[in-house]
Amino acid sequence: MADNDNDNNKRGSSSIGDDDDLESLEAKNKRTKLLVSSTSTSTSTTTNKCTRTQRFIEDQQLLASQSIPTHTTPYTMYTPKIVCDSSRLKILITGGAGFVGSHLVDKLMQVGHEIIVLDNFFTGQKKNIEHWTHHPNFTVIRHDITEPILLEVDQIYHLACPASPPHYQYNPVKTIKTSTMGTLNMLGLAKRVKARILLASTSEIYGDPNIHPQPESYWGNVNTLGPRSCYDEGKRVAETMMYAYKEQNNVEVRIARIFNTFGPRMHPNDGRVVSNFIIQALQNKDITIYGDGNQTRSFQYVNDLVEGLVKLMNSDYDGPVNIGNPDEYSIKNFAEQIKEMTSSQSKIIYLPKVADDPTQRNPDITTAKAKLNWSPQWHVKAGLAKAVEYFQAVLDMAGDDGIKPTGPEASKPKA
Ligand SMILES: O=C(O)[C@H]1O[C@H](OP(=O)(O)OP(=O)(O)OC[C@H]2O[C@@H](n3ccc(=O)[nH]c3=O)[C@H](O)[C@@H]2O)[C@H](O)[C@@H](O)[C@@H]1O
């Protein structure tokens, strides 16, 4: 099983972002030392100043080689020194302060790339990325992708869009604008700078599927007028735009169809099933099943998804690819599992079914296996243990009743 924490604890060779700067700083440092030792009249003031400068430089070098532990990310991650500048890419991640985006940031920062995050912080949270904000390889820009932006980058991971049903239904017009105008803006940028672009599409493009499991060749069953259509149809047209730019302008495109994903840094007010059930179980409050609980979902741990996204971006394959874990649960069974794992006293209760809720979902991952040599490495239970640990820490910070999970109605994420 992959273990992110192990990766995080591996110390890469210490570095700063710009080798030339480091060398010139080191040279200056050496010169200062020489000056101090050769000056017969050196006073303690000069020595103190010099020690302070030296300490400052050393601090900067250290900061430039690692993340800073925070409440959200309480461990240190190390960035390697990439000697040859040509192997360092400038990578743009839209929605990089979100749940999935921030894990992708970690992965790519640890490889040593230069990362630019664009986020409007509607559902993204600064605390998801603040462990990198001091680092010279990292830039964050508060920007709404429905407006164009000029940047010079080599690759674009285009993730920006609220993804939880209550959040994307809160302002459906804005959700549509994000997937349409936002994707057009990112494709325009990709075309101008000749960057490769990866779209985070979704299993929701299959709608309420009548083929099971869902292969990429399935066209889907989506209600164009339902409450989910702002998201589903937005992502469908975003896929169409990707291929139009590929055909017409030779833009290099990649499309990941992401299935239900969970893990640390999910928004506690996300309203999706994993965060809701875990928080409800930890608080010993009612676990809320919408409908009869016989609907199914297949859950993947976020580390597997990030691995898949990076593999897809760097592969030669430009067809759509399902990225998900085929481990399928009924929602009723999932609630029982979480209750058991957390030794919770919660009662499982049944609320009305939500409109257009897909009755079954399971990824056919034949393409990912064949084209990317990718398959999930995390067992759902192992991933859930990490998520429980994370939400426990969030609840400890917020106080017992500090967090109230979001219900099925359209709602704005709480800060
Ligand atoms: O990950 C995916 O493939 C897509 O599906 C999700 O939508 P959904 O599967 O409906 O995700 P949840 O909101 O987590 O709901 C899963 C199931 O649990 C149920 N649920 C949810 C929350 C809850 O408190 N109780 C409950 O029974 C829902 O009705 C649904 O049947 C999200 O909309 C998208 O982010 C994503 O693209």
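Start at 1 and go down the list; that is how both ligands and their atoms are numbered.
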_Sub-4.5 Å side-chain heavy-atom contact between Val237 and Ser179_ = no
*Selection from Phe262, Phe299, Tyr290, Tyr329 by shortest heavy-atom distance to atom 27 (O) of ligand 1*: Tyr290
*Which of the numbered atoms in ligand 1 are below 4.0 angstrom from a heavy atom of Arg361?*
2 (C), 3 (O), 4 (C), 5 (O), 6 (C), 7 (O), 8 (P), 9 (O)
*Among Asn260, Asp327, Thr261, which one satisfies side chain to side chain donor-acceptor pair (under 3.5 Å) with Gln300?*
Thr261
*Does ligand 1 have any atom that is closer than 4.0 Å to a heavy atom of Phe277?*
yes
_Show me which atoms of ligand 1 lie under 4.0 Å from any heavy atom of Asp357._
28 (C), 29 (O), 30 (C), 31 (O)
*Look at atom 17 (C) of ligand 1 and say which protein heavy atom is nearest, naming residue and atom and giving the distance to 0.1 Å.*
Ile331 CD1, 3.7 Å
*Evaluating non-hydrogen atoms only, which member of Lys353, Glu204, Gln169 is closest to atom 7 (O) of ligand 1?*
Glu204
_Tell me which one of Lys332, Glu336, Gln280 satisfies side-chain contact (heavy atoms from CB on, under 4.5 Å) with Ile348._
Glu336
*Among Asn269, Asp270, Ile279, which residue meets the side-chain contact (heavy atoms from CB on, under 4.5 Å) test with Thr406?*
Asn269
*Got a salt bridge between Asp144 and Lys174, using NZ or NE/NH1/NH2 to carboxylate O under 4.0 Å?*
yes
*With a cut-off of 4.0 Å, which atoms of ligand 1 are near a heavy atom of Pro165?*
7 (O), 13 (O), 32 (C), 33 (O)
*Answer yes or no: is there a donor N or O on one side and an acceptor on the other, between the side chain of Ser346 and the main chain of Lys285, under 3.5 Å?*
yes
*Please could you name the atoms of ligand 1 that Arg228 approaches to less than 4.0 Å, counting only its heavy atoms?*
7 (O), 8 (P), 10 (O)
_Enumerated ligand 1 atoms positioned under 4.0 Å from heavy atoms of Ala163_ = 32 (C), 33 (O), 34 (C), 35 (O)
*Is there a heavy atom in Pro405 that sits closer than 4.0 Å to ligand 1?*
no
*Heavy atoms of other groups near Lys177 NZ, more than 12 under 6.0 Å*: no
*atom 24 (O) of ligand 1: which protein heavy atom is closest, and how many Å away?*
Asn276 ND2, 3.0 Å
*Tell me which protein heavy atom sits closest to atom 16 (C) of ligand 1, plus the residue, atom name and distance to 0.1 Å.*
Arg297 NE, 3.6 Å
*Which ligand 1 atoms does Ser203 reach within 4.0 Å, using its non-hydrogen atoms?*
2 (C), 3 (O), 4 (C)
*Contact atoms of ligand 1, heavy-atom distance to Thr202 under 4.0 Å*: 4 (C), 36 (C), 37 (O)
_Check: Val273 N/O within less than 3.5 Å of ligand 1 N/O_ = yes
*Using salt bridge (charged side-chain N to carboxylate O under 4.0 Å, His left out) as the criterion, point out the one residue from Asp357, Asp356, Asp208 that pairs with Arg228.*
Asp357
_Any non-hydrogen side-chain atom of His158 less than 4.5 Å from a side-chain atom of Thr94?_
yes
*Would you kindly specify which portion of Arg272 sits under 4.0 Å from ligand 1, judged on non-hydrogen atoms: side chain, backbone, both or neither?*
both
*Please work out which of the three classes, parallel, tilted or perpendicular, describes the rings of Phe334 and Phe299, given edges at 30° and 60°.*
parallel
*For atom 25 (N) of ligand 1, which of Thr288, Ile205, Asn260 has the closest heavy atom?*
Thr288
*Are any of the side-chain heavy atoms of Gln66 and Met77 separated by less than 4.5 Å?*
no
*By number and element, which atoms of ligand 1 are closer than 4.0 Å to a non-hydrogen atom of Ile258?*
2 (C), 3 (O)
